[in-house]
Chemist: 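The structure under discussion is supplied below as structure tokens; questions concerning it will follow.
In what follows, residues are counted from 1 in the order of the sequence shown.
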Amino acid sequence: MGSVGAKEVPTLLTPDGRRIDGRRLDELRPLSITAGALNQADGSAFVEWGMNKVMAAVYGPREVHPRHLQENNKAIVQCRYNMAAFSVDERKRPGLDRRSQEISKVIAEAFESVIFVEEFPRTSIDVYIEVLQANAGTRCAGVVAASVALADAGIPMVDLLPSVAVGKVAGSIALDLKKEEDNFGEADLPMAMVPQSGRLVLLQMEGHMNREELGQALDLGVQGCRQIHEKMKGALRERYAPSSANPQEANA
Ligand code: UDP
């Protein structure tokens with residue numbers, strides 16, 4: 001450990017390229033996705049990703065509330081991303097702060113660009129994301145959970161929306177930052193991608209990278225999104241065609 005002022009800075013990258021949790025720069029944290037985790041919602045999914053735990057629930061298409069938001073030629077997508085007070089080390093003040101509002105807005109816009117909204121005029125598709133445990137990358141875990149929940153609700157979309165944060169840690173470009181890397185690294189770049197076309201529908205950046213690093217980061221993020229996409233499809237297969245997801249079950 002080194003120290004900056006009073007803050008202890010952990011060793012983020014060993015000389016042989018291992019990260020704080022032993023991962024390589026291009027490795028994801030363990031990811032498990034359960035589609036249909038809740039009974040009452042039209043669609044739902046639970047994601048455990050590293051130490052993140054995120055639940056998503058989807059309702060709709062349904063009547064728009066508040067009414068004045070209704071659009072005559074398409075559905076609107078409303079999203080509420082919320083972090084539970086107990087989800088982080090230092091208790092978070094409950095309620096929607098500016099960060100949650102910003103995240104809710106960018107996630108809603110990302111989904112609006114992949115859902116066939118024109119098929120459901122004058123309705124709302126409501127996406128709820130509840131972060132129960134947070135360890136960086138919760139907006140990406142939220143997008144992954146919500147995307148599987150939307151599919152579980154039968155909402156027609158161009159494709160699922162895998163999402164991951166890439167960043168710069170101890171001078172190197174790294175996939176899927178955990179909390180210490182997010183806190184002490186040089187940059188954090190969450191993204192979400194339409195796998196079919198490679199179109200990015202969510203892209204944010206905090207910190208600094210040069211153009212070459214940005215290119216590297218995007219390439220790594222695309223790779224990560226492709227792996228996450230497979231897991232998302234696997235979760236839906238597990239729910240709707242368990243025998244094809246796990247052939248042994250069919251014989252049981
Ligand atoms: N965090 C926290 N308190 C807050 C907001 C964030 O402890 O009020 C932590 C939490 O672990 C979160 C991480 O900081 O996952 C990174 O937050 P960021 O705003 O970068 O969003 P995220 O990476 O979760 O999408």
Chemist: So, taking the atom named CG in Asp26 and the one named OG in Ser172, what distance separates them when rounded to the nearest 0.5 Å?
Modeler: 11.5 Å

Chemist: Linking I/L/V/M/F/W/Y whenever any side-chain heavy atoms sit under 4.5 Å apart, do Leu202 and Val77 land together?
Modeler: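 Yes, same cluster.
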
Chemist: Check the surroundings of atom CD in Glu102: do more than 12 heavy atoms from other residues, nucleotides or ligands lie under 6.0 Å from it?
Modeler: yes

Chemist: Measure the spacing between OG of Ser104 and CD of Glu109 and express it to the nearest 0.5 Å.
Modeler: 11.0 Å

Chemist: Looking only at heavy atoms, what is the nearest atom pair of Pro66 and Gln78, with distance?
Modeler: CD-OE1, 4.5 Å

Chemist: Any non-hydrogen side-chain atom of Leu150 less than 4.5 Å from a side-chain atom of Leu160?
Modeler: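 No, their side chains stay 4.5 Å or more apart.
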
Chemist: Nearest 0.5 Å, please: how far is CG in Leu177 from CD1 in Ile20?
Modeler: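 With rounding to 0.5 Å, CD1 (Ile20) is 11.5 Å from CG (Leu177).
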
Chemist: With a 4.5 Å heavy-atom cut-off, do Val164 and Pro162 have their side chains touching?
Modeler: no

Chemist: Between Leu218 and Met191, which heavy-atom pair has the shortest distance, and what is it?
Modeler: O-CE, 4.1 Å

Chemist: Donor-acceptor pairs under 3.5 angstrom involving side-chain atoms of residues 222-229: please list them, not counting sequence neighbours.
Modeler:
unit_1 : atom_1 : unit_2 : atom_2 : d
Arg226 : NH1    : Pro195 : O      : 3.0
His229 : NE2    : Asp159 : OD1    : 3.4

Chemist: Quick one, Ile76 and Gln70 - any side-chain contact, counting heavy atoms below 4.5 Å?
Modeler: no

Chemist: Give every residue pair that meets the salt bridge (charged side-chain N to carboxylate O under 4.0 Å, His left out) criterion with at least one member in residues 169-178, sequence neighbours excluded.
Modeler: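 Matches after skipping sequence neighbours: Arg23-Asp176, Arg29-Asp176, Lys178-Glu180.
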
Chemist: Could you state whether Leu31 and Leu175 fall into the same hydrophobic cluster, counting links through intermediate Ile, Leu, Val, Met, Phe, Trp or Tyr residues with side-chain heavy atoms under 4.5 angstrom apart?
Modeler: yes

Chemist: Heavy-atom distance under 4.5 Å between the side chains of Met193 and Val201, does that happen here?
Modeler: no

Chemist: Can you confirm whether more than 12 heavy atoms, excluding those of Asn39, are under 6.0 Å from its CG atom?
Modeler: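 Count not over threshold, so no.
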
Chemist: Does a salt bridge link Lys74 with Glu119, judged by any charged N lying under 4.0 Å from a carboxylate O?
Modeler: no

Chemist: A side-chain contact here means heavy atoms from C-beta on lying under 4.5 Å apart; do Val166 and Asp188 qualify?
Modeler: no

Chemist: For Tyr81, run the side-chain hydrogen bond (donor to acceptor under 3.5 Å, both in side chains) check against Arg139, Lys105, Arg99 and tell me which one passes.
Modeler: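 Passing option: Arg99.
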
Chemist: Between atom CG of Leu200 and atom OG of Ser113, what is the distance when rounded to the nearest 0.5 Å?
Modeler: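 With rounding to 0.5 Å, CG (Leu200) is 10.5 Å from OG (Ser113).
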
Chemist: Nearest 0.5 Å, what's the CD-CG distance between Glu213 and Leu189?
Modeler: 11.5 Å

Chemist: Do His65 and Asp126 touch side chain to side chain, with heavy atoms closer than 4.5 Å?
Modeler: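 Heavy-atom side-chain distance check fails, nothing below 4.5 Å.
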
Chemist: Check whether more than 12 heavy atoms from other residues, nucleotides or ligands sit under 6.0 Å from atom CD of Glu118, and answer yes or no.
Modeler: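 Yes - once you tally the heavy atoms of other residues, nucleotides and ligands closer than 6.0 Å, there are more than 12.
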
Chemist: How far apart are the closest heavy atoms of Ala134 and Thr138, and which atoms are they?
Modeler: CB-CG2, 3.6 Å

Chemist: Please examine the side chains of Phe111 and Val58, heavy atoms only from C-beta on, and report whether any two atoms are closer than 4.5 Å.
Modeler: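 Side chain of Val58 against side chain of Phe111, heavy atoms only: no contact under 4.5 Å found.
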
Chemist: Please assess Glu130 against Arg80 for the test salt bridge (Lys or Arg N to Asp or Glu O under 4.0 Å), listing each intermediate value before the final yes or no.
Modeler: CA-CA 8 Å; Glu130 294 290 329; Arg80 196 188 85 137; 2.7 Å; yes

Chemist: Salt bridge (charged side-chain N to carboxylate O under 4.0 Å, His left out) with Lys53: which residues, sequence neighbours excluded?
Modeler: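 Lys53 satisfies salt bridge (charged side-chain N to carboxylate O under 4.0 Å, His left out) with Glu48 only.
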
Chemist: Mark yes when over 12 heavy atoms from residues, nucleotides or ligands other than Asp89 sit less than 6.0 Å from its CG; otherwise mark no.
Modeler: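 Check fails, neighbour count at 12 or below.
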
Chemist: Between Met232 and Ile33, is any pair of side-chain heavy atoms under 4.5 Å apart?
Modeler: yes

Chemist: Quick check on Met51: does its CE atom have over 12 non-hydrogen neighbours (other residues, nucleotides or ligands) under 6.0 Å away?
Modeler: no

Chemist: Under a 4.0 Å N-O cut-off, is there an ion pair linking Glu27 with Arg19?
Modeler: no

Chemist: Checking side-chain polar atoms at under 3.5 Å, does Asn82 have a donor or acceptor matched by the opposite partner on Tyr128?
Modeler: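 Judged by distance alone, the side chains do not pair up.
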
Chemist: Can you find a side-chain donor-acceptor pair between Ser124 and Tyr59 that sits under 3.5 Å?
Modeler: no

